[in-house]
Number of protein chains: 4
Amino acid sequence: MEKKNVPSLVKDQQLIHKRREQIIKGAVRLFIEKGFHRTTTREIAKESGFSIGTLYEYIGKKEDVLYLVCDAIYDEVTERLKKQLHTTGPALQRLKEAIRAYFLVIDSMQEEVLVMYQETKSLPKETLPYVLKKETEMVDMMEEILADCKKENVLNLSEKEMKLVTHNILVAGQMWTFRRWALRRHFTLEEYIDMQIKQLIST
Amino acid sequence: MEKKNVPSLVKDQQLIHKRREQIIKGAVRLFIEKGFHRTTTREIAKESGFSIGTLYEYIGKKEDVLYLVCDAIYDEVTERLKKQLHTTGPALQRLKEAIRAYFLVIDSMQEEVLVMYQETKSLPKETLPYVLKKETEMVDMMEEILADCKKENVLNLSEKEMKLVTHNILVAGQMWTFRRWALRRHFTLEEYIDMQIKQLIST
Amino acid sequence: MEKKNVPSLVKDQQLIHKRREQIIKGAVRLFIEKGFHRTTTREIAKESGFSIGTLYEYIGKKEDVLYLVCDAIYDEVTERLKKQLHTTGPALQRLKEAIRAYFLVIDSMQEEVLVMYQETKSLPKETLPYVLKKETEMVDMMEEILADCKKENVLNLSEKEMKLVTHNILVAGQMWTFRRWALRRHFTLEEYIDMQIKQLIST
Amino acid sequence: MEKKNVPSLVKDQQLIHKRREQIIKGAVRLFIEKGFHRTTTREIAKESGFSIGTLYEYIGKKEDVLYLVCDAIYDEVTERLKKQLHTTGPALQRLKEAIRAYFLVIDSMQEEVLVMYQETKSLPKETLPYVLKKETEMVDMMEEILADCKKENVLNLSEKEMKLVTHNILVAGQMWTFRRWALRRHFTLEEYIDMQIKQLIST
DNA sequence: TATGAATGAGTATTCATTCAT
DNA sequence: CATGAATGAATACTCATTCAT
């Protein structure tokens, strides 16, 4: 749960939090529109509602904004998903619902998720581990439910197979964003979800 | 098979071809190393073996290089794959071999494939359709084999399901490159191939 | 003895004096380390022990700090020197002791003196005369002793020659700081002092 | 005689030489007027007669301009001085003429010399030794003549004394520039020269 | 009085692109 | 056709200064 420490010249932690939310909100919009590299720091400042000088009171360098953005998107995806997860009931049903919930969250945050995946390579080197760790956490969440399925004997998968299915689930979700140009032509979201669930859990 | 027309000041088509191969070769190396945005035209020219002036005799703008590169990588993936494809024999076996061949090609061109997918969003707007079309061609190739399987009654999939499986196959291949940080920890390439084939064609 | 009036928003003169001493102390350290231009007002404030806002309660602009610093250094040099000066005894001996004392003071305040000479050109235009006046006062001090020597007939110099020798004395002192990279290689301070005295007063 | 290698993107050595002369000429004027720190690279480019982009084809960073300038001034001082030096005749006379020539050169290049001494501390770290070396060369030149005087028994100085006198001579020259605010009030250049010669060589 | 967040003009430097040779 | 010098718009980042609290 640790986060990379992004340097700030401002002391007031609450203010930092507030301003960074503004920054993230403004930057996401811009990154969606034109990508990280084509967005200038001045644009980020303006979109955030303050001056360039103020922007740099809350970050150390432009790349920090990208980290804040990716981190925030991940947090939101995870958080929204967690809210939808059931903790009781048959494991297989919980799994299917988890996948559905995950896909729905992704769909509702399409643009953001796309940004996150496309700009990951531009993240400051030191922060990449922090972001990948978040991915790992999601993997773990899914894997846990799959493990429950195994315990309940409704899914007969080896450890490795479970690992693979988990990755396939996550990728199928992301795929809905980065291949939408092709998928949208053939499937509605509901169709896509149903079919992928069927494919992924071939029961 | 049509390609976007990248403007050149030079008339001699053969020369154009030769120089552009140099450009592509040089640029790929650089894009792999530092990404499109962080690579300068000067570096591309130098790595290609000629001056910045000459570079601009063969392209209109920097983005054109990216198009040439992506286009070339796609061509090579497709070409290499085609060479491996059997045209006779049981469809199901051909399918499995196609998937295996595809994954092997991707693995052997990891870095290039990564560049291609990561920089897609930076492609000149007009060229995006040309690149997506290539993707579509690959989809079609795979789908055709899947169709054969259906004809031979070894695979019981609806039209839509076939479409989905095809996309899943392609994405599973790409996934081997852009999620290698996680996958490599758990699977060898051979394991990955075998397990994905099993997963994708749950027969 | 007049000083340039550096504007302050604060009324309490005692407080002004106290705070400015803090400023000078902090700034000198920084100027020695990195020079005036490379030192930021924030750093000065921090080193002085208070906030940037407070700093600007006691100065009008950054350059004022430089004036305060130069002024303070001059004052200290003068003050320390005065403490060492004898007012009785043979003039020639008093002269030699004055030169020695001056060189010793300079040596003990090397860094400060260096700052003063190197940054003089960055002083606010209006304050330059005030600083030069201090120099003049030192010149006068030395000249007075030289005049005594003349009165006592131990030194046979014209008015002009006296002026020149005075300047040479002062410069020889400063020289010990700004040419130390060369002088230190050849002379100890004591040697330097003895030889310069001999040179300057060729008696 | 070696010079620090200032990086250039341009190949043609002659062109580099020509452009750098333009840069030096333009920069000197500006540095005299407002100092190194207050001069912007754009101003330097404009004054040099070309664009900011072109400026950076011939230097690596702003500080390089300062090095070029200081180096050029030293070269010119040395060169002009050398032209004036006699190599035959009585050593003492040659010494006096050398001092006179040196002071005249300094006087004719007052502003440049001032810049050189005032901005030395802003020189790029790596280049400082190169500049100090030039100073040392001048010291050596003077010392040689002094040595000749000793050989001819017209000057009775120890080795150390010779070193000191040499430095005193050089500093007396510089002093004419950086203390002119005081010296001009009392001496004409000719007076200053004559009196300093007398003072320095107390014969 | 003291604080420190906000400001935005200012600055060095880069780099895609052009064009004369 | 090839070269590489010239260009200048663009950009990340800094920092003196202000002002509301």
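Because only heavy atoms are used, hydrogens play no part in the values below, and waters and symmetry mates are left out as well, while side chains stay in. Chain letters run A, B, ... following the sequence lines, proteins first, then strands; residues in each count from 1.
Candidate nucleotides E:dA6, E:dT7, E:dA16 were compared by shortest atom distance to the side chain of A:Phe50, and E:dT7 ranks first. The listed nucleotides are F:dA6, F:dT17, E:dT17; the one nearest the side chain of D:Thr54 is F:dA6. Checking F:dC1, F:dT17, E:dA5 against the side-chain heavy atoms of B:Asp12 singles out F:dC1 as nearest. For D:Ser51, counting side-chain heavy atoms from C-beta on, the closest listed nucleotide (F:dA12, E:dA6, F:dT7) is F:dT7. The side chain of D:Lys61 sits closest to E:dT13 out of E:dA5, F:dC13, E:dT13.
Within the 3.5 Å criterion, the main-chain N or O of B:Tyr130 finds no donor-acceptor partner in the side chain of B:Thr127.
Protein atom CD of D:Gln22 is 12 Å distant from nucleotide atom C1' of F:dA6, rounded to whole Å. In this structure, the CG atom of A:Leu55 is 10 Å from the P atom of F:dA12, given to the nearest Å. Residue D:Lys18 contributes atom NZ, which lies 13 Å from atom P of F:dA5 at whole-angstrom precision. Following rounding to the nearest Å, D:Gln14 (CD) and F:dA5 (P) show an atom-to-atom distance of 13 Å. Rounded to whole angstrom, the span from the NZ atom of C:Lys46 across to the P atom of E:dA5 amounts to 13 Å. Per the geometry, CD1 belonging to C:Ile44 stands 18 Å off C1' belonging to E:dT3, to the nearest Å.
Here B:Glu57 contributes atom CD and B:Ile16 contributes atom CD1; the two are 10.0 Å apart, rounded to the nearest 0.5 Å. In this structure, the separation between CG on A:Leu128 and CG on A:Leu123 is 6.0 Å, given to the nearest 0.5 Å.
Near DNA chain E, meaning a heavy atom under 4.0 Å from it, residues 29-40 of chain D has D:Thr39, D:Thr40 in order of number.
Stretches of at least 3 consecutive Watson-Crick or G-U wobble pairs, with each checked distance under 3.5 Å, appear in DNA chain F as E:2-21 with F:2-21.
Under 4.0 angstrom from either OP1 or OP2 of E:dA2 there lies at least one side-chain N or O belonging to C:Arg19. For E:dA6, one of the phosphate oxygens OP1 or OP2 lies less than 4.0 angstrom from a side-chain nitrogen or oxygen of A:Tyr58. Between D:Tyr56 and E:dT13 there is a side-chain N or O to OP1 or OP2 distance below 4.0 Å.
Between the base of E:dT13 and the side chain of D:Arg42 there is a donor-acceptor pair shorter than 3.5 Å.
With a 6.0 Å radius and a threshold of 12 heavy atoms from other residues, nucleotides or ligands, C:Lys25 has its NZ atom at or below the threshold. Atom NZ of C:Lys121 has more than 12 heavy atoms from other residues, nucleotides or ligands within 6.0 Å. Counting heavy-atom neighbours within 6.0 Å of A:Lys4 NZ, excluding the residue itself, gives a total above 12.
Using a 4.0 Å heavy-atom criterion, one finds that D:Leu9 contacts the sugar-phosphate atoms exclusively. Among the heavy atoms of the strands lying under 4.0 Å from C:Lys11 are primed sugar atoms or P, OP1, OP2 only; no base atom is included.
Mapping C:Glu63 and D:Leu15 onto DNA chain F by nearest heavy atom places D:Leu15 closer to the 5' end of the strand. Nearer to the 5' terminus of DNA chain F, by closest-nucleotide assignment, is the contact made by D:Ile52 (compared with the other of D:Ile52 and C:Thr41). For C:Glu57 and D:Gly53, each mapped to the nucleotide of DNA chain E holding its nearest heavy atom, the one lying further toward the 5' end belongs to C:Glu57.
Of the residues B:Glu21, B:His17, B:Gln22, the one that meets the side chain to side chain donor-acceptor pair (under 3.5 Å) test with B:Arg19 is B:Gln22.
Not counting sequence neighbours, B:Lys18 has no partner by the side chain to side chain donor-acceptor pair (under 3.5 Å) test.
Annotation: cation-pi geometry not satisfied between A:Lys61 and A:Tyr56 (NZ/CZ under 6.0 angstrom from ring centroid, within 45° of ring axis). The cationic group of D:Lys62 lies under 6.0 Å from the six-membered ring centre of D:Phe36 and within 45° of the ring axis, placing it in a cation-pi geometry.
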